[in-house]
Every structure is written in C-alpha cells, then in structure tokens.
Amino acid sequence: MMFSNERPIFQQMADRLSDEILAETYHDDDRIPSVREYAVMLEVNTNTAVKAYEQLARENIIYNKRGMGYYVTPGARQQILQQRRKAFIGQTLPELFRQMRLLDIDIKDIGEAWEASSR
C-alpha cells in the first residue's frame with residue numbers, strides 16, 4: 001500500500017480496513033487479519049497496526065475476542081457509511097461546488113461524467 005504524507009499511517013490503515021468492510025470483504029462478526037498479519041501485509045511496523053486497530057475498536061468498528069483476534073462489529077458497515085456520507089456532504093461537496101462555480105461546470109456536466117464513468 002502506498003501511504004501519503006498528509007495523514008498518519010495508522011489512520012490510513014484504519015481507513016483501508018474500513019474500505020474493506022464497506023466493500024464487503026469482511027462482514028459482521030467476520031474475523032479480520034491479526035495485527036501482525038495486517039502489518040506484514042502492508043509492510044508497516046506492528047505498533048502502527050496496533051494503533052489502527054485500537055482506533056477502529058474505539059469507534060466500535062471492530063471488537064477483540066481475547067485470545068482469538070479481532071472481528072467486525074455487527075452494523076459496522078452501516079456506521080462507516082453514515083460517517084463517510086456525513087463527511088462527504090459536510091467537507092467534500094462544499095469544495096466541489098466552489099470549484100464547479102469557478103470553472104463554470106454545470107450539474108449536467110457532472111451527470112454526463114457520472115454516466116460515462118459507469119460504462
């Protein structure tokens with residue numbers, strides 16, 4: 001995985017695991033890779049992976065079964081969707097709309113681009 005310098009690596013790892021839950025790679029109560037497995041897979045320090053897992057556990061996206069590993073919390077996918085939609089509408093869209101006005105891009109242009117990307 002290529003990491004950007006804009007955000008801490010553990011947050012990018014947590015986002016990736018959340019993306020995998022959104023993509024339904026992991027479902028409710030599925031076991032996810034161990035901290036060590038995920039660290040090796042992404043070629044990062046185990047402590048960084050621990051921080052990512054701790055963040056997701058605090059957010060109630062995953063939970064730990066002592067001695068058995070981490071699992072996806074029931075309803076985690078819906079929770080991630082709600083969080084990300086809220087952030088998209090509150091943060092991404094205002095900037096997108098500002099750019100559209102500056103560049104004189106109409107909503108029809110966006111619709112056409114959306115349709116073209118679906119083909």
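Note: hydrogens, waters and symmetry copies are ignored here, and every other heavy atom, side chains too, is used. Remember, predicted model here, so these are calculated numbers, not experimental data. Residue numbers run from 1 in the order of the sequence given.
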Legend entry - Common cluster, Phe10/Tyr38, ILVMFWY with side-chain heavy-atom separation under 4.5 Å: no
Legend entry - Test ring pair (Phe, Tyr, Trp, His ring centres under 6.0 Å) applied to Tyr71 - qualifying residues, sequence neighbours left out: Tyr63
Inset, instruction - Looking only at non-hydrogen atoms, find the nearest pair between Ile9 and Thr48 and report the distance. - result: CG2-CG2, 3.7 Å
Inset, instruction - Report the residues that fulfil ring pair (Phe, Tyr, Trp, His ring centres under 6.0 Å) with Tyr26, sequence neighbours left out, ordered by chain and then residue number. - result: none
Inset, instruction - Output yes when Asp29 and Lys65 qualify as a salt bridge under the 4.0 Å nitrogen-oxygen rule, no when they do not. - result: no
Inset, instruction - Return yes when atom CG of Asp104 has more than 12 non-hydrogen atoms of other residues, nucleotides or ligands closer than 6.0 Å, and no otherwise. - result: no
Legend entry - Flag side-chain contact, heavy atom, 4.5 Å: Tyr53 against Met13: no
Inset, instruction - Working to the nearest 0.5 Å, report the span between CZ of Arg84 and OG1 of Thr92. - result: 11.0 Å
Inset, instruction - Keeping to residues at least two apart or across chains, list the salt bridge (charged side-chain N to carboxylate O under 4.0 Å, His left out) pairs with something in residues 91-100. - result: Glu95-Arg98
Legend entry - Non-neighbouring partners of Asn64 that pass side-chain contact (heavy atoms from CB on, under 4.5 Å), sequence neighbours left out: Tyr70
Legend entry - Distance (rounded to the nearest 0.5 Å) between Ile61 CD1 and Ile32 CD1: 10.5 Å
Check residues 74-81 and write down every donor-acceptor pair under 3.5 Å in which the side-chain atom is one partner and the other belongs to a residue at least two apart or another chain.
unit_1: Arg77; atom_1: NE; unit_2: Leu22; atom_2: O; d: 2.9
unit_1: Arg77; atom_1: NH2; unit_2: Leu22; atom_2: O; d: 3.2
unit_1: Gln79; atom_1: NE2; unit_2: Glu59; atom_2: O; d: 2.6

Inset, instruction - Can you measure from CG (Asp30) to CG (Asp28) and round to the nearest 0.5 angstrom? - result: 8.0 Å
Inset, instruction - Name all residues meeting the side-chain contact (heavy atoms from CB on, under 4.5 Å) criterion together with Ser4; count only those two or more places apart in sequence or in a different chain, and write none if there are none. - result: Glu6, Gln12
Inset, instruction - Spell out, yes or no, whether Leu96 and Ile89 are grouped together once hydrophobic residues are joined by side-chain heavy atoms under 4.5 Å, including indirect joins. - result: yes
Inset, instruction - Measure the spacing between CD1 of Ile62 and CZ of Arg31 and express it to the nearest 0.5 Å. - result: 11.5 Å
Inset, instruction - Could you tell me whether Glu24 atom CD has more than 12 heavy atoms of other residues or ligands within 6.0 Å of it? - result: yes
Inset, instruction - Tell me whether Leu102 is reachable from Leu93 by hopping between hydrophobic residues (I, L, V, M, F, W, Y) whose side-chain heavy atoms are closer than 4.5 Å. - result: no
Legend entry - Heavy-atom pair of closest approach, residues Ala49 and Ala39: CB-CB, 3.9 Å
Legend entry - Atom CZ of Arg7 with >12 non-hydrogen neighbours under 6.0 angstrom: yes
Inset, instruction - Is it possible for you to say whether Val40 and Val50 belong to one hydrophobic cluster, with membership spreading through side-chain heavy-atom contacts below 4.5 Å? - result: no
Legend entry - Shared hydrophobic cluster, Leu56 / Met68 (ILVMFWY, side-chain heavy atoms < 4.5 Å): no
Inset, instruction - Would you mind checking if Arg16 and Glu20 are paired as a salt bridge, meaning a charged N to carboxylate O distance below 4.0 Å? - result: yes
